Amino acid sequence: MYKKSFLFLLLTSMLPFTIPAQPTSCSPVPTKNQLRWQEMEMYAFIHYSLNTYTDQEWGFGNEDPKLFNPSNLDCRQWARVCKQAGMKGIIFTAKHHCGFCMWPSKYTEYSVKNSPWKQGKGDVVRELADACREEGLKFAVYLSPWDRNHPEYGHPEYVTYFRNQLRELLTQYGDIFEVWFDGANGGDGWYGGANETRKIDGKTYYQWAETFRMIRELQPDAVIWNDGGDRGDLRWVGTEAGNVGETNWSLLNKEGDVPYEQLHYGLENGDSWVPGETNTSIRPGWFYHKTEDEHVKSLSKLMDTYYKSVGRNSTLLLNFPVMPNGRIHPNDSLRGIAFKKMIDEVFKKDLAEEAIIKKQGKETIITFQEPTAFNRFLVEEDIRYGQRVKKFSLEAEVDGQWKPLKDELVTNGDGLTTIGHRRIICFPTINATKLRFTVLDAKCDPIIKKTAVYLAPELTADIPDAGEKLSSNLHIFFISPKQMIIDFDNEQSITSFRYLPPQDSKDGMITHYSLWASSDWNDWKKVASGEFSNIVNNPIWQTIKFAPIKAKILRLDADRLAEGERMAFGDIEVVM
């Protein structure tokens, strides 16, 4: 009896905060499904469709199904790569905006059943669902509400079609952990040959309430990601760059519009639990492009993404695109595996386990046996009872003096704010004898279930990739608000043109373009035209490729802008 009592006292003295026997909730609180989802922490996106074969991010809806004919499609390779990269599940793009279905849907002819692959008898969704379960991964589906192929899109009949397809996915492939509905809705498309622009009200057109009821009935354990209409279980964080706000509440209001600030930071006094999911790709784009083979994100960038997503009370949804042959590229798989190994290396040893931990009210002091080097602090709330902490401080004792520690990844000066499921504070390596964690402000009595201290190895900067020859003698000027001229000193042989959109605003961002070339200012030849797919949400470098052409002048026409009346750019490159 004495030994048991002593052990209990020892264990409770090591906890920074003792959880009451029956703590009261600090509403709102997560559902069981949301808790289960949050504990996954990292899972993968797989983007693969006709876009893979047309080298596009968004298909127009008129691409030929016969293009889909992978030579070596291997869903088990995808699952193994994702598992080795630390992913706990996979969300698959069963249908992207082009409308092409990666399963043999009985409601459309625009699917794999009319492709040469496996003589039209194949089912990519089936193969991946089976592969995930063989590897112990959870499986989920992405179904684009927008369909640029379907002739009835924008009319009531399409909503019935959309739900029929969703029912197929939710009833034929086993348990689904998440249903993902993209926020891109309405615009130009093929639409069965109409070739027109169709606008819809994303809040009302799809009648989300009824769709949600169907999902709850057919897949009661699934969480719903939705970027419009009725609130889903999860929210977009307002960017595809791979970060959520350093202040991140898992709360929103059930009703009303959600401005960017609430997507990125949550809402402290929100009436509903709607945590953020951070989605980004391991490459610049979402679909595979050979030109990006040498632009897979560096290990340091992936770790930065981890700290700014999982380390900020979010989950990380990391995309791995599939090549035309049906496999994930070795550059992506090797980088993903290195990412998992680095996470394991950073968090393999909690230095606080060999320290003395003492709690004094809302203050916890960790005393090391000797001066100890560390650069990471991890803290978790027990979110079963709500998200409570509004502000906290972190200090290290060096030579008898307390020194405040700041998160070097924080950009807006808010300091150490919300915790939630997990918060990781990164700071330069420091040698100290004590570490003090203090809750400065909270909505309710804080319930901290874990604190930990780590020493992460230093990451050396990646060596930049060698690029193609870029022109350095560009003369750029505007001849109208929507026409840009790029003039060279001499006639050049040009192979591609690259456009970086503005990085801090949608104003002037080009979404649709035409590119013209000339050597004498009189005879102009159209080199290329099209759209910069998904550029608003993912404002990365856009590359326009074309057959080599000799020219002294290029003219870029902004056929359509995201916002504003005058085109703008972050940078321009011409590849020789």
Side-chain angles (χ1 to χ4, degrees), residues 47 49-63 93 96-98 144 146 148 182-190 195 197-199 227 236 238-242 279-281 283-292 295 319 321 467-468 470 474 476 478 480-486 494-517 526-547 554-575:
H47 274 65
S49 186
L50 286 181
N51 297 348
T52 307
Y53 300 91
T54 59
D55 204 22
Q56 300 179 107
E57 284 289 290
W58 286 3
F60 192 65
N62 61 352
E63 294 78 16
T93 53
H96 205 255
H97 310 324
C98 68
S144 172
W146 185 23
R148 301 173 98 174
D182 200 295
N185 289 290
D188 56 355
W190 185 68
N195 289 306
T197 298
R198 296 182 180 178
K199 301 293 186 182
D227 194 33
W236 183 46
T239 178
E240 295 174 355
N279 63 315
T280 194
S281 182
R283 290 172 173 238
W286 289 95
F287 285 91
Y288 175 83
H289 309 287
K290 185 175 178 57
T291 55
E292 296 178 356
H295 298 283
N319 179 64
E468 295 131 311
L470 304 177
L474 302 181
I476 300 175
F478 295 91
S480 78
K482 294 184 179 180
Q483 287 188 318
M484 174 195 295
I485 292 293
I486 302 97
I494 302 165
T495 61
S496 60
F497 176 86
R498 304 186 70 215
Y499 167 73
L500 181 67
Q503 297 297 290
D504 56 357
S505 173
K506 298 176 186 177
D507 190 34
M509 185 181 289
I510 302 172
T511 61
H512 293 70
Y513 67 88
S514 296
L515 185 67
W516 302 77
K526 181 182 282 191
V527 175
S529 64
E531 69 176 351
F532 292 133
S533 302
N534 202 32
I535 192 172
V536 173
N537 294 328
N538 195 23
I540 61 174
W541 278 102
Q542 309 291 318
T543 301
I544 305 172
K545 297 183 294 183
F546 42 83
L554 291 178
R555 190 183 84 220
L556 179 66
D557 291 356
D559 298 332
R560 195 180 306 171
L561 301 177
E563 291 181 2
E565 299 297 327
R566 179 179 294 274
M567 65 191 301
F569 66 96
D571 203 353
I572 294 291
E573 290 182 352
V574 178
V575 183

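What you see below is based on every heavy atom in this structure, not just the backbone, and it leaves out hydrogens, waters and symmetry mates. The model shown is predicted, which means the values in this text are computed figures rather than measured ones. Throughout, numbering of the chain's residues begins at 1 and tracks the sequence.
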Quick check: [Y] with [X] (ring centres under 6.0 Å apart)?
{"X": "Tyr499", "Y": "Phe569", "value": "no"}
{"X": "Phe287", "Y": "His96", "value": "yes"}
{"X": "Trp286", "Y": "Trp58", "value": "no"}

To check you understand the geometry: which heavy-atom pair defines the closest contact between [X] and [Y], and what is its length?
{"X": "Leu554", "Y": "Ala517", "answer": "CD2-CB, 3.8 Å"}
{"X": "Ser281", "Y": "Asn319", "answer": "OG-ND2, 3.0 Å"}
{"X": "Glu292", "Y": "Gly285", "answer": "OE1-N, 3.2 Å"}
{"X": "Glu63", "Y": "Gly61", "answer": "OE1-N, 3.0 Å"}
{"X": "Trp146", "Y": "Asp188", "answer": "CZ2-O, 3.6 Å"}
{"X": "Ile510", "Y": "Met567", "answer": "CD1-CE, 3.4 Å"}

How long is the span from the [atom1] atom in [X] to the [atom2] atom in [Y], to the nearest 0.5 Å?
{"X": "Thr543", "Y": "Phe532", "atom1": "OG1", "atom2": "CZ", "value": "9.0 Å"}
{"X": "Ile486", "Y": "Leu515", "atom1": "CD1", "atom2": "CG", "value": "7.0 Å"}
{"X": "Asn537", "Y": "Glu240", "atom1": "CG", "atom2": "CD", "value": "4.5 Å"}
{"X": "Ile540", "Y": "Ile535", "atom1": "CD1", "atom2": "CD1", "value": "8.5 Å"}
{"X": "Met509", "Y": "Gln542", "atom1": "CE", "atom2": "CD", "value": "9.0 Å"}
{"X": "Thr511", "Y": "Glu531", "atom1": "OG1", "atom2": "CD", "value": "8.0 Å"}

| query | Stepwise, does the side-chain contact (heavy atoms from CB on, under 4.5 Å) test hold for His295 with Trp541? | reply | CA-CA 11 Å; His295 298 283; Trp541 278 102; over 6 Å; no

| message | If you count heavy atoms of other groups shown closer than 6.0 angstrom to NZ of Lys482, is the number above 12? | response |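 Yes - once you tally the heavy atoms of other residues, nucleotides and ligands closer than 6.0 Å, there are more than 12.
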
| said: Before you tell me yes or no, could you show the steps for His97 and Asp182 under side-chain contact (heavy atoms from CB on, under 4.5 Å), namely the whole-Å CA-CA distance, both residues' side-chain angles and the distance that decides it to 0.1 Å? | reply: CA-CA 9 Å; His97 310 324; Asp182 200 295; 3.6 Å; yes

| Ring-face cation of Arg148 near Trp190 (centre distance under 6.0 Å, axis angle within 45°) |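 No - Arg148 does not lie over the ring of Trp190 by the 6.0 Å and 45° rule.
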
| message | Taking the side chain as everything from C-beta on, heavy atoms only, tell me whether Lys545 gets closer than 4.5 Å to Phe497. | response | no

| request: Sorted by first residue and then second, give each side chain to side chain donor-acceptor pair (under 3.5 Å) pair with at least one member in residues 556-565; sequence neighbours left out. | output: Gln483-Asp557, Ser514-Asp559, Trp516-Asp557, Arg555-Asp557

| said: For the backbone of Ser49 and the side chain of Asn51, can you confirm whether one donor and one acceptor N or O come within less than 3.5 Å of each other? | reply: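 Not confirmed, Asn51 side chain does not pair with Ser49 backbone.
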
| Is the shortest side-chain N to carboxylate O distance from Asp55 to Lys290 below 4.0 Å? | no

| task | For Glu57 and His289, run side chain to side chain donor-acceptor pair (under 3.5 Å): C-alpha distance rounded to whole Å, both residues' side-chain angles, the deciding distance at 0.1 Å, then the answer. | result | CA-CA 9 Å; Glu57 284 289 290; His289 309 287; 2.7 Å; yes

| field | Side chains of Thr93 and His47, donor plus acceptor under 3.5 Å | value |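 Result is no, nothing qualifies.
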
